[in-house]
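Numbers restart at 1 for each chain; the letters A, B, ... are given by sequence-line order, proteins then strands. FYI, side chains are in, hydrogens and waters are out, and symmetry mates aren't considered; it's all heavy atoms of this structure.
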Amino acid sequence: MTAMFGEPIARLEDDRLLRGNGAYLDDLGHDALAAAFVRSPHAHARVLGVDVADALDVDGLVAIYTYEDLPGRIAEPLPLLIPHPALTHGRTGYPLASDEVNYVGEPVVMVIARDRYLAEDAAERIMVDYEPLPAVVGVDAALAAEHLVHPDVPGNVAGHLVQSNGDAAAAIAAAPRTLELHLYIERSASTPLEGRGVLARWDTESRRLRIWTSTQTSTGVRAAVAAKLELDLADVDVITPDVGGGFGVKIVHPWPEEVLVPWAARLLRQPVKFTEDRIEHFVASAHERGQRHQVRVGFDDDGRLLGLDVRFWHDNGAYIPYGLIVPIITSTQLLGPYKPGAYRVEFSSLYTNTVIVTPYRGAGRPQGVFVMERTMDAIAAALGLDRTVVRERNFIQPDEMPYDQGLIFQDGRPLIYDSGDYPAVLARLKALAGWDGFEAERAAAAEQGRRLGIGLACYVEGTGVGPYEGAHVVVETSGKVKVATGLTTQGQGHQTVFAQIVADELGVPIGDIEVVTGDTRAFGYAVGTFASRAAVMSGSAVALAARAARAKAIRVAAAALEASPDDLEITGGIVQIKGDPESGIAIGTVAVLSNPLRYAFDEAAQAATQFAGGDIGKPPVADGDEPGIEGREYFSPLRSTFASGMHAVVVETDPLTAEIRIVRYCVVHDCGRLINPRIVEGQIHGGVAQGVGGALYERMAYDETGQLQNASFMDFLMPYVSEVPAGIEIDHLETPSPLNPLGIKGAGEAGVIPGAAVFAAAIEDAEGIAITSMPISPSDLFELRLSRRGDRAV
Amino acid sequence: MLASTGPDGKVLAGGQSLVPLLNMRLATPEHIVDINRLTELAYVSVADGQVMIGALARHAQVLADPVVAAAQPLIAQALRLVAHPVIRNRGTTVGSIVHADPSGEMTAVLALLGGTVLLASTGGERSVSAEDFFLGPLESDVRPDELATQVSLPVLGARAGCAFAEVSRRNGDYAVCGVAAMVELDGGGGISRARAAYLSVAGTPLIADLTEACGAGAGADLAAAGRLAMARVSPGSDIHATAAYRRHLAGVLTERALAGALAHAKGRSDG
Ligand SMILES: Cc1cc2nc3c(=O)[nH]c(=O)nc-3n(C[C@H](O)[C@H](O)[C@H](O)COP(=O)(O)OP(=O)(O)OC[C@H]3O[C@@H](n4cnc5c(N)ncnc54)[C@H](O)[C@@H]3O)c2cc1C
């Protein structure tokens with residue numbers, strides 16, 4: 001049997017999904033009541049009163065709930081998921097606003113009705129009396145702190161953190177050359193195809209709660225909702241149906257709706273469902289990326305970094321349930337593949353009257369990479385050096401691995417890169433992108449009146465963060481293999497790659513393997529899907545569990561075959577003496593034999609019953625043994641493992657209309673050993689698409705009163721397929737990780753990370769105008785040209 | 001039907017504009033009058049120097065019609081820029097004109113060509129010319145009790161050529177700025193008439209006569225026409241583009257559209 005690991009097999013889930021046989025949240029619960037929400041139209045206001053009188057005669061109305069109706073722990077603020085000593089002023093919202101609203105879209109009233117139309121009809125008639133307060137919108141207003149989002153949070157500062165390695169101030173002061181840069185990144189959002197949604201059923205007979213939710217962490221939702229509703233974990237099941245994308249926004253939990261809907265279902269003794277609509281997703285879920293940065297760097301005449309001092313301000317929105325994770329990631333990961341000399345980073349995370357922040361694919365890294373790569377380009381420009389040369393001179397070398405950056409990473413552990421070969425990645429990128437031949441290409445294009453530019457950007461991404469994941473593998477008596485892991489799936493192809501791992505580890509055909517994710521009934525201990533961790537964490541756990549099941553199968557078969565376990569192998573689902581197919585027994589039969597029976601249920605099972613033989617001198621189940629061919633294992637690594645990569649893009653800017661066209665986009669990526677190259681490439685394609693969106697199209701257009709002016713797909717410009725480069729050229733390097741049994745690193749987020757940086761570099765190269773703020777639209781580029789005196793094109 | 005529902009009724013044609021409005025609760029009519037079974041209105045035809053488009057002809061049907069393409073090429077040049085194929089499969093050309101979005105390509109085509117819209121009610125039929133049809137953004141001269149049954153557009157003259165140029169943020173989006181241009185040649189290959197219609201720079205389609213700016217004779221001064229266009233338009237700023245950028249585009253796209261129309265006209269007279 002050929003190994004499955006490393007094969008670019010087609011995704012096992014696609015046949016079902018592409019034929020429309022997926023079941024997403026809104027496909028479930030047709031018998032459920034519908035929830036709709038009255039949401040704040042103000043960015044900042046006191047709630048003076050709620051008048052529901054007009055709504056009461058809406059036909060089909062079942063219930064209306066305001067903050068006053070919430071009992072016990074549900075009336076308390078939602079949990080602060082990730083506390084940190086530097087998060088001195090953590091604030092979270094209530095499931096329904098109590099006396100103040102802090103962003104447009106904050107839920108104030110929940111309406112339950114027979115269907116969503118009626119619930120919205122009733123919601124429209126509910127009058128909420130607000131006293132508007134001044135809104136704080138954007139990083140600058142938050143920093144100015146003329147007004148406060150939360151009256152008890154001085155300066156709007158939720159948290160403030162400094163990390164350093166060496167004396168950056170002294171190093172910069174002593175450096176022969178210095179530069180200062182001011183860099184800004186605008187907000188964008190995960191915008192999965194499927195918004196949030198939750199369905200809950202309370203089973204009156206068994207007094208159990210069952211929740212289906214479109215989440216990235218079913219165990220997280222279970223723990224949070226059980227706590228809020230004062231139920232035992234064992235009485236709450238949380239199941240993720242098919243989920244149409246997450247990208248970070250669905251890692252926050254519990255969302256207000258995830259608490260309120262189960263609560264109402266229990267109270268009303270009827271199933272209740274909430275399906276978020278697109279406008280709600282824009283104003284009531286989460287955004288990310290908004291940060292202003294200030295960089296001071298000292299370097300020598302060769303472009304070597306001597307000292308780097310970065311300060312930045314992060315816009316965390318109205319509340320901060322996910323803590324300081326995003327700015328912590330920026331502050332550590334901006335170092336990328338480089339040795340920064342002495343380093344100091346300081347950030348403040350600021351409240352604004354806008355939607356909250358969750359990590360969005362890349363999670364603070366796109367900003368960090370933008371900062372570092374803009375700095376590298378600025379150094380190259382200052383010294384008149386090729387941009388790749390400056391980078392090469394600052395790379396950590398392969399023989400310096402593992403490399404300790406001397407900081408604490410987002411997992412609370414030292415920022416130590418486990419492996420990587422950055423010079424090799426750059427060499428491949430230069431070849432792939434035609435870096436050295438580009439000046440000729442530029443000149444040829446210029447002959448035809450076309451303006452080209454090339455940019456590159458490098459990143460290192462900490463993936464596979466802990467604390468742990470687990471997996472369970474069981475061989476059915478039919479020979480089918482059931483695999484369960486607790487982390488969730490949003491379309492990445494986990495079923496396929498986990499099945500590939502099990503097929504190899506256990507020696508069974510891939511078609512016999514079924515994988516379940518994100519269902520607490522199947523596996524109750526898990527963390528969730530984020531930080532490019534599924535393959536590393538659950539993949540490793542699945543491998544270990546499959547190995548355990550294999551060992552058991554071999555042991556049972558060895559007894560049956562009267563052979564030594566060392567002489568056995570499993571191949572094609574048959575356990576046999578090595579190289580002797582004649583001797584084989586099907587692994588399903590081994591499963592039968594592993595479970596001593598009193599009662600046969602079919603012919604095969606007769607072999608396991610009490611009169612079928614066996615050693616009467618031993619107990620049917622040996623001491624310390626268990627019936628069945630199963631493995632249950634956990635994987636908990638010491639630290640994160642660090643993937644890396646570099647992108648290059650060639651753009652063409654229209655000298656007249658300032659339109660920006662992508663000529664080619666090249667990616668060299670190193671995520672350790674590839675389980676399935678096709679899936680990794682799919683992840684890169686999707687990431688690059690989001691990177692294009694963040695660099696050239698998407699922004700959250702809040703006006704100064706905190707109204708989001710583009711809360712629809714009409715005005716929030718996600719790139720269509722026509723805006724994403726048709727052929728993304730990809731090359732892989734495989735530097736195995738020493739930190740897990742498979743030598744793998746995460747690949748889920750990488751594609752998006754260098755987006756802002758690489759486009760800024762290419763546009764700057766084409767135009768000769770410093771690009772310090774992203775995203776950039778043709779209109780922005782036109783205005784930049786205007787402000788640069790004497791431009792020939794304008 | 002529309003007579004009885006009055007202002008509480010709305011016609012549903014392709015639904016590509018109305019349904020999103022309903023979805024977002026921006027429009028809440030009491031009654032929807034679905035005309036999708038009036039299949040006799042799903043026609044496109046050319047007769048007596050006019051292209052006639054019935055109320056139920058979908059963008060895709062109009063776009064694909066070879067007779068229309070030959071008779072008035074500007075229609076297909078414009079429709080190619082209207083949304084995406086799936087939307088063109090449902091959306092109607094008449095509906096997009098009635099909807100009167102100042103960024104809708106076909107509003108500019110109606111205005112530039114000086115077409116007419118036929119409106120029917122229980123009180124009879126009336127025909128409204130392009131100049132009188134657009135009252136403001138998303139506001140046309142269709143009364144609540146009227147159905148727009150047909151749009152007529154004159155065919156392209158013998159020595160004439162046309163072109164459509166626009167910049168949109170993404171492929172198929174409404175234009176940041178768009179220009180439909182038409183030129184007519186005199187016997188010597190010079191421009192005898194040049195006009196353009198502008199999208200997304202005013203509340204209703206804006207028409208500019210560029211004949212003088214282009215100048216007589218064979219060496220047309222398209223740059224001067226572009227400058228004139230920039231002076232004529234008065235765009236606003238929004239989240240996608242500044243007013244200055246839109247004005248700049250009006251100039252650039254005027255030149256491009258005129259160049260295209262000129263080449264088209266020359267090609268037609270040579271052929
Ligand atoms: C994503 C997207 C992108 C788009 N991009 C573009 C674009 O780039 N350019 C562009 O021009 N359009 C664009 N459109 C709009 C599209 O062209 C619509 O089809 C068109 O505007 C309306 O036509 P409809 O048949 O769908 O009308 P409907 O949505 O059914 O109706 C629109 C309005 O016109 C009224 N109406 C329609 N027909 C009649 C009639 N015969 N008599 C009286 N009243 C009538 C309706 O009552 C309603 O008020 C886009 C639409 C979408 C969804």
Salt bridge check: are [X] and [Y] linked by an N-O gap of less than 4.0 Å?
X: Glu120(A); Y: Arg114(A); result: no
X: Asp315(A); Y: Arg187(A); result: yes
X: Glu652(A); Y: Arg450(A); result: yes

Heavy-atom distances under 4.5 Å only: say whether [X] touches chain B with side chain, backbone, both or neither.
X: Phe716(A); answer: backbone
X: Asp780(A); answer: neither
X: Leu717(A); answer: both
X: Glu124(A); answer: side chain

Using a 4.5 angstrom heavy-atom cutoff, name the option from Val252(B), Val167(B), Leu249(B) with the most pairs to chain A. Val167(B)

With a 4.5 angstrom heavy-atom cut-off, is it the side chain or the backbone of Arg256(B) that approaches chain A, or both, or neither?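 Answer is side chain: those atoms of Arg256(B) sit under 4.5 Å from chain A.
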
Residue Phe713(A) excluded, over 12 heavy atoms near CZ under 6.0 Å: yes

Using a 6.0 Å cut-off, check whether atom CD of Glu139(B) has over 12 heavy atoms from anything other than its own residue.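 Check passes, neighbour count above 12.
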
Aromatic ring pairing His84(B)/Tyr720(A), orientation class (parallel under 30°, perpendicular over 60°, tilted between): perpendicular

Pick from Asp654(A), Val721(A), Asp277(A) with the largest number of heavy-atom pairs that fall under 4.5 Å of chain B: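 Option with the greatest count: Asp654(A).
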
